[in-house]
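Let me begin by presenting the structure, written as structure tokens, before commenting on it.
Naming: A, B, ... by sequence-line order, numbering from 1 per chain. Because only heavy atoms are used, hydrogens play no part in the values below, and waters and symmetry mates are left out as well, while side chains stay in.
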Amino acid sequence: MEHIRLPKVENVRLLDRVSPRRSRVGTLYLTATHTIFVENEAGVRNETWVLHSLVCSAEKQAATSSGCSLLIHCKNFQVLNFVVPRERECHDVHLSLQRLSQPERYEELYCFSYKPNVDEQERRQEWDFLDLKADYSRMGLPNSLWKLSPVNQHYKVSDTYPADLFVPESATPPVIVGSSKFRSRGRFPTLSYYSKENHATICRSSQPLSGFSARCLEDEQMLEAILRSNPRSDFMYVVDTRPKLNAIANRAAGKGYENEDNYSNIKFQFIGIENIHVMRNSQQKMLEVCELRSPSMSDFLEGLESSGWLKHIKAVLDAGIFIAKAVAEEGVSVLVHCSDGWDRTAQVCSVACVLLDPYYRTLRGFMVLIEKDWVSFGHKFSHRCNHLVGDPKEVSPVIDQFLECVWQLMVQFPCAFEFNARFLITIHSHIYSCQYGNFIGNNQRERIELGLQERTHSLWSYLWKNKTDYINPLYRPNHSQTQGLLRPSTAPYCFRFWRGLYNRFDRGMHPRQSVEDYLNAIQEETQQLEEQLASHKQKIAQLAQEQEQEQEQEWDVSQKAFDKSPTAWALGKDLGLANTPQDYTGGFITSSPCQPKAPDSSLILLTQDPNQTIEFNLSNGSDQESGIADVSCRSPLSEDSTRDPDSDEAAYCLS
Amino acid sequence: MEFSEHIKTANVEDVVLRQPLHPPSRGTLCITGHHLLFSDREDGSSRQLLLLLRNIDAIEKRMSGSSGTITIKCKDLRVLRLEIPGMEQCLNIAHSIETLSCLDSVSEMYPFFYRPSDVSLQDQWGPSSPEKHFSRMKELHDRWRLSTVNRDFSVCPSYPPAVIVPKNISDDMLEKVAKFRQGGRFPVLCYYHRKNGMVIMRSSQPLTGANRKRCREDELLLQAVIDGSDKGYIIDTRSTQQALQARMTSGGFESKSFYSSWKRLHRQMERGKALQESLIKLVEACGDEANNMDRWLSKLENSKWLSHVQTALSTAGLLAECVERDGHSVLVHGAEGTDSTLLISTLAQLIMDPCCRTLEGFLALLEREWVQAGHPFRQRCAHSAYSHARLQQESPVFLLLLDCVWQLWRQFPLALGFSEALLLRLATEAYASNYGTFLCNSQQERWALGVKKNTHCLFQALLRQKERDCYSNPLYEPTELAIWPSVHPQSLQLWRGFFLRWTPQARHLEEAQEEIRNMVIEWGKLALS
């Protein structure tokens, strides 16, 4: 609270990003956790909530006659442009926001003050929802080839690795410890995925400290042990996910890559995925393109190309495919590393897992996968996502790229994933929001020290409780698309720009009607009807004995079924009319803005009336015209316009 | 002419066919006057390929030793390869394909020979006619009339015999106006907006020329259109510069001084050769799988196809906005009034008019705005993206329309009564068809050749129950509202279903559509049981 210099400013304008002439006037509030903008418009209560931890930057621009502009960029790609009447106020808001959005200590993070209405026992159970050991036993581990090693209990061998690690049965503690000394940050080769069918594995590590000529017997033995744990194969791949030049440069610093001559039966392979700095700059460039006010098609495509973003996504997916094919088709084990083995390695291993194992394409499986390859193996969430004020060079959208790879796969295989894009976007938001304890800190050791499981809530159980929002209605576990290894095409034309994430808050850009919502509704209705039908059939059977009334009853029953069914019809119609952009965004975050303490009143809310946020609002006829017509266009009278200045500026007038 | 004189080798055994999404197969190849037929000789499977020769856009032959390979590139963007034993046979086949695939005479084309057993040539032709259109819209009758001034096509060769014009403009006046408009295409009504009584008119450019001729009757006609209202808009699909230049070649535009109640808006739309080249570049980019990401995006950009989609949709949006939101009537024209004019008048009607969004309504709209309104299909669709022939009048305006409609369908998946499959079917049929619908350049030519008497109608066929199921949108929920498309670059996408139709990815998307259809059927059964 001491950071809030000015809790409330009136007569603030919130500009529409796409058509800045259209703006809303209201009051801006700063609370300990949120910035809240409440529109003045009589009758409607339109509120926009932004969590401080999602604020990426707040820039104050030069004052003009109309006021002083404050531009807020959020980590979930929302951009808000406020105009504050007096510069003094703008200055105060700006300073407060800067401080509030850059916490200095973990204790300041939102997850420690976020207290939904859940009792302590229930909260504890949230953390039991996912169990990584269960996933390893699902894979068939431990078995005669792989064992759970206690070597990293208390994080003594590698402080960024989890405590529980699987290693080859033949790997003795001296070999493991010796190998770990030869690897950056002690991150020795350990198991990430095991294929029950053919014993091939994906293992991961950091780079070896080989310099120009150093070698390490234990490390060589470690790889030998991994190779021998796959009895049907006489070699293994070692995949270095860095561009070759980067790996060579590392040799000068006493690091580097495996020399094929020193390790028996390895095939060494570079896969050029660029480093975190290149990725950060690339995403920045792409976001600048997304923010262009009214770009021509050429501006957009050229900008997208020069950002290089899709090229990087393709590189990550290509690497994942290489590994997945080695495991599934060749039956060969793969050791993956980059430099530290917590960025590119995490991306590539998890993408390969999604391709390999249908389980990771289910709702629960996908959470397990993130928990395994990202959280437990020490992807540095707090550094990469800038949870605390820190070194800007550590920030990088590594996890964004993973989520995007999965999205690209969902686009290619619409029936293969149990979850929908909303699920990915929600996970993305909460990785950055700091509302849940899952992604706080940089590794397991830090999370235990922070006592996150004792003090915060878990995102996974929240997602599971609300899973109906995240189900892909087209998911077919038995579909041919779904079986076994996914074989995506990586032809460049298969990679699409992810509007749903990067332009998520630009309402006008999205489809005005949602097929998915419609299908979910009819799916639900189909289920209900089937149940009804079953119970009616039962009743009929009972009634059949009373011969006299039989006929009448049957007729009556079918009448009833018919009477109850029109809800879905009405609902479908409603989607046609009322799927306004607001509803679409509102549907993402399903809670009420007026009850900040309710579970997950979280991120951003662009809603009118709390009762109106319900996704399928049958009576939402109020805003029909603007609902769909909102795309709209510049007045044809543009040059000598006499129309109200508030009207939408421009879409169709691109000259 | 006998087709047989072009067929020196009619059958070849032991040919290997490679086609997308199928394993290669070995069998017999057969050439007839209109078809290429391949039948598989493998045990058990009796796969056949029946390809209209008209569908073939280009072939490439390569000889090696005693055999040859013919690569066939189709107008529906499919690429097939035939490996033919025997050099002479291969050359003969190639020659037959080259000749028979681009026969000039319309009456020798396949629609005149196509005789399916279950339908009769006497069946109704076309879902719409100017007469029907007019008689259905009672609201029009006190201010508008159906004129038959063009009954013998002498006033405007590219117009249908009957058109809708303001009631107080006589046929004599129309004849004078026709002389003042390129190709005789005087302003006619194409859409009446029930909500506010405003209309869309279309025409060709006025022939003002360098000395700024005027035509009293033309001015009166337009004045009659806005009768009672304060003004109207003219949307000229050329830039101001292009319109000015058109004066040098006796064309021109409506000047402010003579048409004081009309406000002109210029929106430059690409047409003709530029559009054809755009298609060629895009298809080439899509065919090049080895590209790296950067080259793909720059090739996509360089083709400008999506820019054309954006311009078409935003101009149509502007037109619809003038009518629906601003409440004024609009006249649309470019130069000839047979291409971009029809493109945006069609899209604007889809945006505003729920009746055009049903399967029947959409086909009737195409019938009125493209077939009857004289889009020169024969010239525009003579060749597609692969042809090596020198470009003449080819231009994929109709394909651009279908792409724009697809974009609308993507943005409003519940608002259109028809499916992507229909758009794909139309995109194929416009270039090569069993039906007579897209033959010829105008109604006049169709009458002269007896197209109605001697061929079957595609639109009627699509409306038959068994086809209907696959061409209707299972998610269709009619809405009375206008459907305003977003034209942000982020909102527009490459039409993968068409341009990447023969890739496995397109199959995955089709399978998803299939699942959607099944879900709706399942639910429908229960809900109505």
Side-chain angles (χ1 to χ4, degrees), chain A residues 290 295-298 300-302 304-305 310-311 314 412-415 473-474 476 479 481 489 491-497 499 503 508-509 511-513 515 518-519 522-523 525-526 529-530 533 558 561 565 568 572-573 575-577 624 627-633 635-636 651-654, chain B residues 233 263 265 286 289 291-298 300-301 304 306-307 310-311 314-315 317-318 321-322 325-326 410-415 475 477-479 481-494 500 503-505 508-509 511-512 515-516 519-520 522-523 526-529:
Chain A
C290 297
S296 70
M297 190 51 95
S298 295
F300 177 74
L301 290 174
E302 279 167 7
L304 186 60
E305 181 193 330
L310 289 175
K311 183 173 69 184
K314 177 170 153 62
Q412 277 199 42
F413 300 96
C415 306
L474 290 177
R476 298 285 176 276
H479 198 280
Q481 278 181 30
S489 160
Y493 56 65
C494 291
F495 291 85
R496 305 234 292 233
F497 169 74
R499 175 186 61 207
N503 282 114
M509 288 182 192
R512 295 321 172 90
Q513 300 175 317
V515 172
Y518 186 92
L519 292 178
I522 66 166
Q523 197 166 41
E525 174 120 345
T526 303
L529 288 169
E530 270 167 357
L533 199 67
S558 65
S565 65
K573 194 172 267 159
L575 286 170
L577 302 180
Q624 293 195 347
I628 294 184
D630 186 54
V631 218
S632 99
C633 27
S635 153
Y652 295 134
C653 220
L654 301 163
Chain B
Y233 291 104
K263 183 169 172 52
L265 302 163
C286 292
E289 298 218 1
N291 271 342
N292 65 32
M293 190 55 83
D294 290 350
R295 289 202 26 223
W296 157 249
L297 284 173
S298 50
L300 179 62
E301 189 279 314
K304 299 283 181 237
L306 285 172
S307 304
Q310 188 187 33
T311 310
S314 63
T315 311
L318 175 72
E321 194 197 24
C322 291
R325 299 190 131 189
D326 213 52
R410 289 280 308 181
Q411 295 190 21
F412 298 91
L414 315 182
L475 305 176
E477 289 287 341
T479 167
L481 301 179
I483 52 172
W484 302 100
S486 159
V487 296
H488 297 285
Q490 286 98 317
S491 306
L492 302 174
Q493 295 180 359
L494 178 68
L500 301 168
T503 60
Q505 291 71 51
H508 294 154
L509 302 184
E511 285 166 6
E515 290 297 335
I516 291 177
M519 279 180 77
V520 176
E522 185 69 12
W523 165 71
L526 283 165
L528 295 173
S529 66

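- Formation of a donor-acceptor pair under 3.5 Å by the Gln513(A) side chain with backbone atoms of Leu414(B) is found in this model.
- Aromatic ring orientation, Tyr518(A) versus Trp523(B): perpendicular (interplanar angle above 60°, classes split at 30° and 60°).
- Heavy-atom distances place both the backbone and the side chain of Phe495(A) under 4.5 Å from chain B.
- Here Leu500(B) is the residue among Leu509(B), Leu492(B), Leu500(B) with the most heavy-atom pairs under 4.5 Å with chain A.
- In this structure Ser307(B) satisfies the side-chain contact (heavy atoms from CB on, under 4.5 Å) test together with Met297(A), Ser298(A), Lys304(B), sequence neighbours excluded.
- For the set Glu530(A), Glu302(A), Gln523(A), the entry with the most heavy-atom pairs within less than 4.5 Å of chain B is Glu302(A).
- Proximity to chain A (any heavy atom under 4.5 Å) is shown, for Thr311(B), by neither the backbone nor the side chain.
- Highest contact tally toward chain A, considering only Ala512(B), Ala415(B), Pro413(B), is held by Pro413(B) [criterion: heavy-atom pairs under 4.5 Å].
- In this structure, His508(B) contributes its side chain and Gln412(A) its backbone to a donor-acceptor pair below 3.5 Å.
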**Request:** Please report the C-alpha distance between Ile483(B) and Gln411(B) in whole Å, then the side-chain angles of each, then the deciding distance to 0.1 Å, and finally whether the side-chain contact (heavy atoms from CB on, under 4.5 Å) criterion is met.
**Result:** CA-CA 9 Å; Ile483(B) 52 172; Gln411(B) 295 190 21; over 6 Å; no
